[in-house]
Amino acid sequence: MAKIAPMACAFAVIASTAWAGPKDDVMAADRAFSQLSVKKGSNAAFLATMADDARIFGTGGEPPILGKAEAAKRFQTSGNGDPRTNVLSWEPDYAEVSKDGTLAWTDGHWIFESGPDDKGRRHHLTGHYLTIWTKDTKGMWKVKADMGTTDPQKK
């Protein structure tokens, strides 16, 4: 009996992986993107995950970023990319994938925790996002477009 249990567990793991569908794959890519943002910073996560021709639309105050090269240039002067002081994370709530499996979108909610300002205050912002994904030539999901909204601030 003891020999059957490990085999059953191994089968369950293999079967659950085999039954994972395209929606599960893109949700996993989105979660990995967020984990990279927390670990390495949002700028590094976007540069590692976005397609060369991606478009990034922020929550306001700045023009869209059109392409990875522009993102790399703009991120050089952005203070938001340091995970020691500013942490951007998110969790996808939903995904859809095209019938041919090459295009997808995820949406969910994001949280931004800023480092202390000159008065020692930390800022907490939340919002929702929509990310469009495309598969690259290696079959990896890449961010094609990303946009977000900011929730109203609580007083």
Side-chain angles (χ1 to χ4, degrees), residues 13 16-17 19-155:
V13 169
S16 67
T17 303
W19 290 330
K23 286 185 185 183
D24 298 315
D25 292 343
V26 76
M27 293 281 277
D30 200 351
R31 286 186 184 101
F33 181 24
S34 177
Q35 290 166 359
L36 185 59
S37 178
V38 170
K39 183 176 180 180
K40 299 284 186 175
S42 59
N43 294 349
F46 269 92
L47 290 174
T49 309
M50 66 191 295
D52 290 339
D53 61 347
R55 294 175 175 265
I56 308 300
F57 302 91
T59 59
E62 291 188 5
I65 296 173
L66 306 177
K68 194 174 200 173
E70 185 179 331
K73 184 177 178 181
R74 187 148 351 145
F75 291 165
Q76 289 177 353
T77 58
S78 168
N80 288 344
D82 186 346
R84 293 171 296 172
T85 57
N86 297 307
V87 178
L88 175 64
S89 63
W90 56 90
E91 178 66 28
D93 295 324
Y94 190 75
E96 282 293 335
V97 180
S98 64
K99 287 184 182 182
D100 69 358
T102 61
L103 190 66
W105 63 268
T106 55
D107 75 79
H109 56 279
W110 58 264
I111 299 170
F112 179 76
E113 299 284 344
S114 75
D117 63 15
D118 55 353
K119 295 182 181 177
R121 296 177 298 210
R122 293 189 173 273
H123 298 278
H124 175 87
L125 300 170
T126 61
H128 290 81
Y129 71 91
L130 175 70
T131 302
I132 309 297
W133 297 84
T134 188
K135 280 200 175 173
D136 68 8
T137 57
K138 296 178 183 176
M140 301 295 294
W141 286 113
K142 293 291 183 177
V143 172
K144 185 73 166 178
D146 183 81
M147 65 183 79
T149 62
T150 302
D151 292 332
Q153 296 301 299
K154 297 176 184 175
K155 294 183 181 187

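All values reported here derive from a predicted model rather than from experimental measurement. All residue numbers refer to positions in the sequence shown, counting from 1.
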Please report the closest heavy-atom contact between [X] and [Y], naming both atoms and the distance.
| X | Y | value |
| --- | --- | --- |
| Ala54 | Val143 | CB-O, 3.3 Å |
| Ser114 | Arg122 | O-NH1, 3.3 Å |
| Lys142 | Ala51 | CB-N, 3.9 Å |
| Ala71 | Leu47 | CB-CD2, 4.0 Å |

Could you tell me which residues satisfy side-chain hydrogen bond (donor to acceptor under 3.5 Å, both in side chains) with [X], sequence neighbours excluded, listed by chain and number?
| X | result |
| --- | --- |
| Asp118 | none |
| Lys144 | Asp53 |
| Asp107 | none |
| Asp100 | Ser98, Thr102 |

Does [X] have any side chain to side chain contact (heavy atoms under 4.5 Å, CB included) partners at least two apart in sequence or in another chain, and if so, which?
| X | answer |
| --- | --- |
| Thr126 | Ile111, His124, Asp151 |
| Lys138 | Asp136, Met140 |
| Ala45 | Phe33, Leu36, Ser37 |
| Leu125 | Trp110, Phe112, Gln153 |

Report the distance from atom CD1 of Ile132 to atom CE of Met147, rounding to the nearest 0.5 Å.
6.5 Å
Quick one: pull up OG in Ser34 and NZ in Lys39 and give me the separation to the nearest 0.5 Å.
13.5 Å
Are the side chains of Arg55 and Pro64 in contact, using a 4.5 Å heavy-atom criterion?
no
For Phe57, all residues meeting ring-ring contact (aromatic ring centres under 6.0 Å, His included), sequence neighbours excluded
none
Of all pairs that satisfy salt bridge (charged side-chain N to carboxylate O under 4.0 Å, His left out), the ones with a partner from residues 85-98, not counting sequence neighbours
Lys23-Glu96, Arg31-Glu91
Contacts satisfying salt bridge (charged side-chain N to carboxylate O under 4.0 Å, His left out) that involve residues 61-70 (not counting sequence neighbours) are Glu62-Arg74, Glu70-Arg74
Around atom CZ of Arg121, are there more than 12 heavy atoms of other residues, nucleotides or ligands at under 6.0 Å?
yes
Asp146 (side chain) donor-acceptor with Ile56 (main chain) under 3.5 angstrom:
no
Which of these, Trp141, Trp90, Tyr129, Trp133, sits in a side-chain hydrogen bond (donor to acceptor under 3.5 Å, both in side chains) with Thr106?
Trp133
Which of these passes side-chain contact (heavy atoms from CB on, under 4.5 Å) with Trp105: Val26, Thr131, Leu130?
Leu130
